[in-house]
Number of protein chains: 2
Amino acid sequence: MRDAFHADPADVPLAAAMHALSDPLRLRIVELLARDGETECSVIYSALGISKSNASHHFRILRESGLIWRNHQGRQQSARLRGDEFNTRFPGLLDAVLSNIEPGPAAHRPVQQQGVDRIG
Amino acid sequence: MRDAFHADPADVPLAAAMHALSDPLRLRIVELLARDGETECSVIYSALGISKSNASHHFRILRESGLIWRNHQGRQQSARLRGDEFNTRFPGLLDAVLSNIEPGPAAHRPVQQQGVDRIG
DNA sequence: CCAATGGTTCAACGTTTGTTGTACCTTTGA
DNA sequence: TCAAAGGTACAACAAACGTTGAACCATTGG
């Protein structure tokens with residue numbers, strides 16, 4: 001599998017970052033990653049009940065806005081929020097968004113706390 | 001002129017607010033209003049070099065996301081940021097966005113400071 | 001080698017978006 | 001009363017978006 005393109009958050013315009021965070025599905029992905037940390041992609045799209053190709057599409061947008069990083073071990077892939085880097089580029093933005101996401105249905109793991117600092 | 005629809009910020013979903021703030025032109029409008037306070041619409045669209053109908057379109061999106069308020073005195077209209085109300089609905093979001101807008105060309109008035117508290 | 005698994009890529013689609021121009025409405029000023 | 005000014009509403013269009021399904025690629029396990 002070829003290495004996917006990951007944008008450097010430093011190169012991302014604010015409007016592009018806002019757009020990446022303006023879709024309900026992508027907000028849920030970001031919320032999930034913020035809560036659970038690095039997560040397998042299959043877990044995410046089965047938790048959200050969307051097709052693989054649709055998930056792949058949204059993952060790409062999130063990668064291209066510098067919001068997530070994906071690495072693959074074998075045929076499995078996992079995603080994580082690039083909290084620190086995104087926060088360096090847009091101070092306070094991700095925290096503001098995360099703390100304003102209306103909580104989705106039934107967390108799979110106990111909710112601990114919100115915020116970016118925890119994510120690395 | 002009929003009264004224009006203004007959304008109650010309390011009714012605006014996060015994704016809609018993010019979308020309203022994901023367009024470069026709308027970001028410049030918000031930036032301008034945050035810097036200069038209440039401003040006549042004609043000033044805004046001539047400052048941005050866009051057509052009246054296009055400006056009207058973007059103003060409507062900003063109204064419908066609870067971001068701006070428009071009032072008309074005579075045949076002139078002016079817009080202002082609904083900073084406090086938007087901030088109540090989405091704490092920290094507008095501040096985070098404003099402090100991350102890359103400064104536009106040549107401010108018409110001296111830049112004082114950024115932030116929402118000042119806007120009322 | 002073969003089949004199954006986890007994701008990507010592509011074409012296709014319907015919808016939404018941003019932009020322009022024109023017609024229109026309302027208020028002011030002569 | 002009439003014309004001009006400030007904005008809105010509408011139709012039109014190209015571009016982008018979200019979604020789906022099918023084909024494809026890479027990796028693992030038998």
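Letters A, B, ... mirror the listed sequences (proteins, then strands); counts begin at 1.
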(request) Indicate for each nucleotide in nucleotides 11-16 of chain C, in 5' to 3' sequence, whether protein heavy atoms under 4.0 Å reach the base (B), only the sugar-phosphate (S), or nothing (-). (result) ------
(request) Kindly indicate whether the side chain of Arg26(B), heavy atoms from C-beta on, has any atom under 4.5 Å from the side chain of Leu62(B). (result) yes
(request) Taking only the side-chain heavy atoms of Asp23(A) (C-beta and beyond), determine which of dG6(C), dT20(C), dG18(D) contains the nearest atom. (result) dG18(D)
(request) Select base, sugar-phosphate, or nothing to describe what Ser42(A) touches, counting heavy atoms under 4.0 Å on all strands. (result) sugar-phosphate
(message) For dT20(C) and Asn54(B) - does any side-chain N or O of the residue sit under 4.0 Å from the phosphate oxygens OP1/OP2?
(response) yes
(message) How many whole angstroms separate atom CD1 of Ile61(B) from atom P of dA9(D)?
(response) 13 Å
(request) In whole angstrom, give the distance that lies between atom CZ of Arg28(B) and atom P of dG18(C). (result) 15 Å
(request) Report yes if at least one side-chain N or O of Tyr45(A) is closer than 4.0 Å to OP1 or OP2 of dG6(C); otherwise report no. (result) no
(request) Report yes if a donor N or O on one partner sits less than 3.5 Å from an acceptor N or O on the other, where the partners are the side chain of Ser53(B) and the base of dG21(C); otherwise report no. (result) yes
(request) May I ask you to say whether Arg89(A) pairs ionically with Glu85(A), meaning some side-chain N is under 4.0 Å from a carboxylate O? (result) no
(message) Does Ile50(B) reach a base, just sugar-phosphate, or nothing at all? Heavy atoms under 4.0 Å.
(response) nothing
(request) Answer whether the closest heavy-atom distance between the side chains of Leu25(A) and Asn54(A) falls below 4.5 Å. (result) yes
(message) I need the minimum non-hydrogen distance between Leu21(B) and Phe86(B), along with the two atoms involved.
(response) CD1-CZ, 4.3 Å
(message) So Arg82(A) and His6(A), do their side chains get closer than 4.5 Å, heavy atoms only?
(response) yes
(message) Can you tell me if His57(A) touches the phosphate of dG7(C), counting only side-chain N or O atoms and a distance under 4.0 Å to OP1 or OP2?
(response) no
(message) Is it true that Ser78(A) and Glu38(A) share a donor-acceptor pair across their side chains at a distance under 3.5 Å?
(response) yes
(request) Name the closest nucleotide to the Lys52(A) side chain, picking from dG7(D), dT19(D), dG7(C). (result) dG7(C)
(message) Does Ile44(A) reach a base, just sugar-phosphate, or nothing at all? Heavy atoms under 4.0 Å.
(response) nothing
(message) Side chains of Leu94(B) and Leu67(B), heavy atoms from C-beta outward: is any pair under 4.5 Å?
(response) yes
(request) Walk me through it: do Met18(B) and Val97(A) pass the test side-chain contact (heavy atoms from CB on, under 4.5 Å)? (result) CA-CA 9 Å; Met18(B) 297 299 290; Val97(A) 171; 3.7 Å; yes
(message) Measure NE2/His58(A) against P/dT9(C) and give the value in whole Å, please.
(response) 15 Å
(message) On the nucleotide dA9(D), are OP1 or OP2 found under 4.0 Å from the side-chain N or O atoms that Arg60(B) carries?
(response) no
Could you write out each protein N or O paired with an N or O of nucleotides 28-30 of chain C at a distance under 3.5 Å?
unit_1: dT28(C); atom_1: O2; unit_2: Arg75(B); atom_2: NH1; d: 3.4

(message) To check you understand the geometry: which heavy-atom pair defines the closest contact between Ser99(A) and Pro91(B), and what is its length?
(response) OG-O, 4.5 Å
